[in-house]
Amino acid sequence: MSLPFALASHLDLALQTAAAALGWVERGFLPEVRVADPAHGDFQANGALAFAKREKQNPRALAQQLVDRLDPSVRSTCEVTLAGPGFINFRLKPAALLAWLQDYDSEAHLQGGAASAKAGQTWIVDYSSPNTAKQMHVGHLRSAVIGEAICRLLAFSGARVIRDNHIGDWGTQFGKLIWAYKQAQATAPAALATALANEPLEEFERLYKAGHHAAEADPAVLDAARSELVKLQDGDAVNLDIWRHINGVSLAAFQQIYDQLGIRFDFAHGESFYNDKVAAVYRELQQCGLAQESEGALVVFHPEHPRFAQQPFLIRKKDGASNYASTDLATVLHRAETYHIDGAAYVIDFRQSDHMDQLFLTAQKWFERTGRKLPRLEHVDFGTVLGEDNKPLKTRSGENIRLKDLLAEAEARALALVAEKSRDLTPEEQTGIARIVGVASVQYADLSQNRSSDYVFTWDKMISLDGNTAAYLLYAVARIRSIFRKAGLDPARPPVAGASAPETPQELALARRLVQFSDAILLATSQLRPHFLCLYLYELAGAYSAFYAVDRVMVDAAEVRARRLLLCHRTLIVLETGLHLLGLRTLERM
RNA sequence: GCACCUGUAGCUCAACUGGAUAGAGCGCCAGACUACGAAUCUGGAGGUUCGGGGUUCGACUCCCUGCAGGUGCACCA
């Protein structure tokens with residue numbers, strides 16, 4: 001017996017075939033197969049209900065007809081029952097569970113099963129995107145963490161994924177910064193050189209603040225700063241050098257954070273990259289009648305829209321300068337033409353929803369009028385990270401919390417816990433474990449929640465080992481690995497020959513959870529919501545812990561031992577695969 | 001003022017986009033280690049899903065309306 005990776009879509013297909021024989025497909029019948037409450041079965045099909053409603057017929061009778069036409073192979077793997085007003089329930093037989101588990105025996109095979117969903121597609125993911133000359137702070141966390149998980153989910157589903165860090169490297173902050181830099185160079189060059197050698201990004205940040213304050217106090221400074229900006233934008237060699245220096249330093253500092261989070265971009269095409277591409281945007285949008293002059297600026301209105309009929313999409317400022325609307329439009333075009341993308345996911349704060357809506361609407365009309373094919377554009381929005389006072393998370397003094405400090409504190413808290421719980425490990429081992437647990441906890445706390453809402457950042461809840469946390473999942477992984485280690489077995493080659501089908505309630509519950517991996521992947525990927533995968537992994541780990549508590553693995557009966565080792569091993573690879581998809585690192589022991 | 005998001009157990013969150021008896025964790029109560037890691041597991045109590053209407057076999061989910069909080073709305077991204 002061999003079973004497909006995605007059992008739900010397999011059942012879906014079988015039902016569609018049966019429906020076609022009944023002539024229902026033309027009338028719009030959809031099976032609607034989904035994971036069921038375990039009390040009812042493994043999967044359920046609800047389609048007969050909606051169809052019966054439209055056809056004004058008895059849903060239960062229609063469901064019965066469907067079941068009668070079902071291919072016999074379905075009945076050989078599932079118990080099929082009718083329930084309630086017309087639900088069709090499917091419960092996999094133990095032998096079928098075993099067959100699936102035997103087939104999907106490695107991360108590579110799981111991926112092979114999942115890879116058909118987005119095969120042949122190219123997606124670009126636009127995430128993280130901090131501004132240069134500033135340190136990354138807690139406000140940059142979600143885009144980076146969620147964006148990385150989405151990249152991995154898309155790639156796992158078979159897409160070619162391009163990771164683009166759309167950094168803010170062309171903002172107005174550079175005028176003040178360059179002015180202050182030149183000031184410092186003129187008055188205290190040695191101190192400047194030392195500071196830049198030791199903590200370059202901190203120094204640039206300090207310079208920016210100095211420039212900002214000076215400009216506020218003295219209009220002459222403000223003018224000077226503006227003229228530095230104009231010189232930069234006109235290509236002044238000295239200012240360009242300073243600007244490059246700032247960006248280089250910034251990217252290096254960002255990369256330290258990205259290394260901790262396991263992120264590596266394909267490129268970082270910031271706003272400056274699109275400098276020479278915005279003129280074409282102005283020209284085309286005017287030519288196709290989308291853009292118009294208003295109050296000296298170039299804007300796009302959308303007359304059919306309740307808000308954007310009045311609220312302009314401002315693509316060129318009255319002083320002629322570009323802004324992020326212009327560069328974002330240029331970016332859409334560049335990505336579409338250069339990479340032939342099928343879709344682009346913008347992992348950006350919900351506060352920019354208006355901007356994204358206007359961008360997408362404008363791009364859609366622009367592409368339509370110029371005969372281009374528009375890729376799917378998705379705003380993957382997310383809420384704010386709040387402190388326990390339900391206000392945006394800040395330090396006690398009201399500053400943004402630097403991401404560097406946040407991750408360091410997570411590691412420190414994890415270390416305190418590891419040192420307490422795992423006294424038998426060496427200090428080096430404890431530190432290594434804390435590094436992974438700390439960062440994973442931060443990542444998981446963010447990912448496990450529906451990204452649409454704000455979330456409250458609580459140290460205790462995050463690092464704690466109870467509930468839906470990274471540590472709970474990592475602990476489950478460590479316990480499985482521990483069994484193999486103690487038994488002297490290689491988890492890469494588990495001795496599972498002769499395994500019998502799952503039998504005890506806990507074995508069955510665990511096996512059922514395992515075969516639903518594909519559903520979790522599909523759900524998380526199709527909606528670009530990693531929390532669905534988190535929820536699944538948490539439930540899987542829970543099913544494993546329940547199994548572990550009741551069914552001893554290393555028993556004498558060979559067949560029982562083999563099937564329990566099989567369950568352990570498959571749980572291990574699914575947990576690890578899932579955690580890696582979320583961007584987390586996993587552990588041997590903790 | 002207009003628009004968008006959010007409102008679910010004391011707290012933090014789920015509920016697969018209209019499906020079956022709204023589920024978890026924390027906290028609280030009661031249990032389980034001389035066998036593979038108790039950082040665990042098993043039970044229990046806890047709900048007018050913000051209020052009020054409506055749509056239908058069926059609503060946390062869709063529509064209308066009110067309330068509360070957050071966010072955005074012409075040159076910063």
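Quick caveat: nothing in here was measured; it's all calculated off a predicted structure.
- When rounded to the nearest whole Å, the span between CG of D381(A) and P of G72(B) equals 14 Å.
- At a threshold of 4.0 angstrom between heavy atoms, the contacts of Q44(A) include nucleobase atoms, whether or not backbone atoms are also involved.
- If F301(A) and R552(A) are placed on RNA chain B by their nearest nucleotide, the residue sitting closer to the 5' end is R552(A).
- Residue contacts for V553(A): at a heavy-atom cut-off of 4.0 Å it reaches a base atom on one of the strands shown.
- Put simply, the side chain of Q449(A) and the base of U12(B) share no donor and acceptor less than 3.5 Å apart.
- Across all strands shown, C13(B) pairs with G23(B); the Watson-Crick or G-U wobble distances both stay below 3.5 Å.
- U71(B) atom P lies 15 Å from atom CZ of F382(A), rounded to whole Å.
- Against the 90° criterion about 0, the sugar-base torsion of U17(B) places it in the syn range.
- Contact annotation for S545(A): backbone-only contact, meaning every heavy-atom pair under 4.0 Å involves sugar-phosphate atoms and none involves a base.
- Distance CG (L386(A)) to P (U12(B)): 10 Å, rounded to an integer number of Å.
- Residue V299(A) is in base contact, counting any heavy-atom pair closer than 4.0 Å across all strands shown.
- Distances shown here put a side-chain N or O of Y472(A) below 4.0 Å from the OP1 or OP2 atom of C41(B).
- Looking at heavy atoms from C-beta onward, R561(A) lies out of side-chain contact with P495(A) at the 4.5 angstrom threshold.
- Atoms CG (L359(A)) and C1' (C4(B)) sit 17 Å apart, rounded to a whole Å.
- Comparing G19(B) with C29(B), their C1' atoms are spaced 35 Å from each other, to the whole Å.
- Of all nucleotides present, only C41(B) satisfies the Watson-Crick or G-U wobble test against G31(B), with each distance under 3.5 Å.
- In this structure, D37(A) atom CG and G19(B) atom P are separated by 14 Å, rounded to whole Å.
- Base engagement by S294(A) is indicated by at least one non-hydrogen atom pair under 4.0 Å involving a base atom.
- Separation of the P atoms belonging to A39(B) and G23(B) is 30 Å when rounded to the nearest angstrom.
- Between the side chain of N89(A) and the base of A20(B) there is at least one donor-acceptor pair of N/O atoms closer than 3.5 Å.
- Judged by centroid separation below 5.5 Å and plane tilt below 30°, H531(A) does not stack onto the base of A14(B).
- When the P atom is used for both G72(B) and G58(B), the distance is 42 Å, rounded to whole Å.
- Not one N or O on the side chain of T469(A) forms a donor-acceptor pair closer than 3.5 Å with the backbone of M462(A).
- Considering F273(A), Y274(A), Y346(A) as possible partners of H166(A), the one that fulfils the ring-ring contact (aromatic ring centres under 6.0 Å, His included) test is Y274(A).
- Within 4.0 Å of A476(A), counting heavy atoms only, lies no atom of the nucleic acid at all.
- Distance, H569(A) NE2 to C36(B) P: 22 Å, rounded to whole Å.
- Side-chain contact between V35(A) and L523(A): absent, with no pair of heavy atoms (C-beta onward) separated by less than 4.5 Å.
- One C1' atom belongs to C11(B), the other to G53(B), and the distance between them is 32 Å to the nearest Å.
- Counting non-hydrogen atoms under 4.0 angstrom, A297(A) reaches a base of the nucleic acid.
- Between L535(A) atom CG and G23(B) atom P the separation is 14 Å, expressed in whole Å.
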*asked:* What verdict does the side chain to side chain donor-acceptor pair (under 3.5 Å) test give for T132(A) and D169(A), after you've listed the backbone C-alpha separation in whole Å, the side-chain angles of each residue and the deciding distance to 0.1 Å?
replied: CA-CA 5 Å; T132(A) 57; D169(A) 62 355; over 6 Å; no
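- In this structure, CG of N468(A) is placed 16 Å from P of U12(B), rounded to the nearest angstrom.
- Rounded to the nearest Å, the gap between the P atom of C57(B) and that of A30(B) is 50 Å.
- Annotation: U40(B) and A45(B) have their P atoms spaced 23 Å apart (nearest Å).
- Nucleic acid contact class of D349(A) (heavy atoms, under 4.0 Å, all strands): none.
- For the pair R479(A) and A38(B), the criterion of a side-chain N or O lying under 4.0 Å from OP1 or OP2 is met.
- Using a 4.5 Å heavy-atom threshold, the side chains of L49(A) and E32(A) count as separate.
- For D354(A), counting side-chain heavy atoms from C-beta on, the closest listed nucleotide (G72(B), G70(B), A39(B)) is G72(B).
- In this structure, G1(B) and C73(B) make a Watson-Crick or G-U wobble pair, each of the two defining distances being under 3.5 angstrom.
- Applying the 90° criterion around 0 to the glycosidic angle, C13(B) comes out anti.
- Side-chain atoms of F254(A) and P130(A), non-hydrogen and from C-beta on, do get closer than 4.5 Å to each other.
- Base pairing annotation: C60(B) forms no Watson-Crick or G-U wobble pair, as no partner gives both donor-acceptor distances under 3.5 Å.
- Across all strands shown, C67(B) forms a Watson-Crick or G-U wobble pair, both distances under 3.5 Å, with G7(B).
- The aromatic ring of Y538(A) is not stacked on the base of A24(B), since the criterion of ring centres less than 5.5 Å apart with planes inclined by under 30° is not met.
- For K391(A) and G70(B), a side-chain-to-base donor-acceptor distance below 3.5 Å is absent, hydrogens and geometry of angles not being considered.
- Straight-line distance between the P atoms of A38(B) and G47(B): roughly 34 Å, to the nearest whole Å.
- Contact annotation: side chain of S422(A) to base of A39(B), donor-acceptor pair present below 3.5 Å.
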_The test is side-chain contact (heavy atoms from CB on, under 4.5 Å); show your working for L153(A) and F532(A) and say whether it passes._
CA-CA 12 Å; L153(A) 281 166; F532(A) 285 120; over 6 Å; no
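- When the C1' atom is used for both U17(B) and G70(B), the distance is 23 Å, rounded to whole Å.
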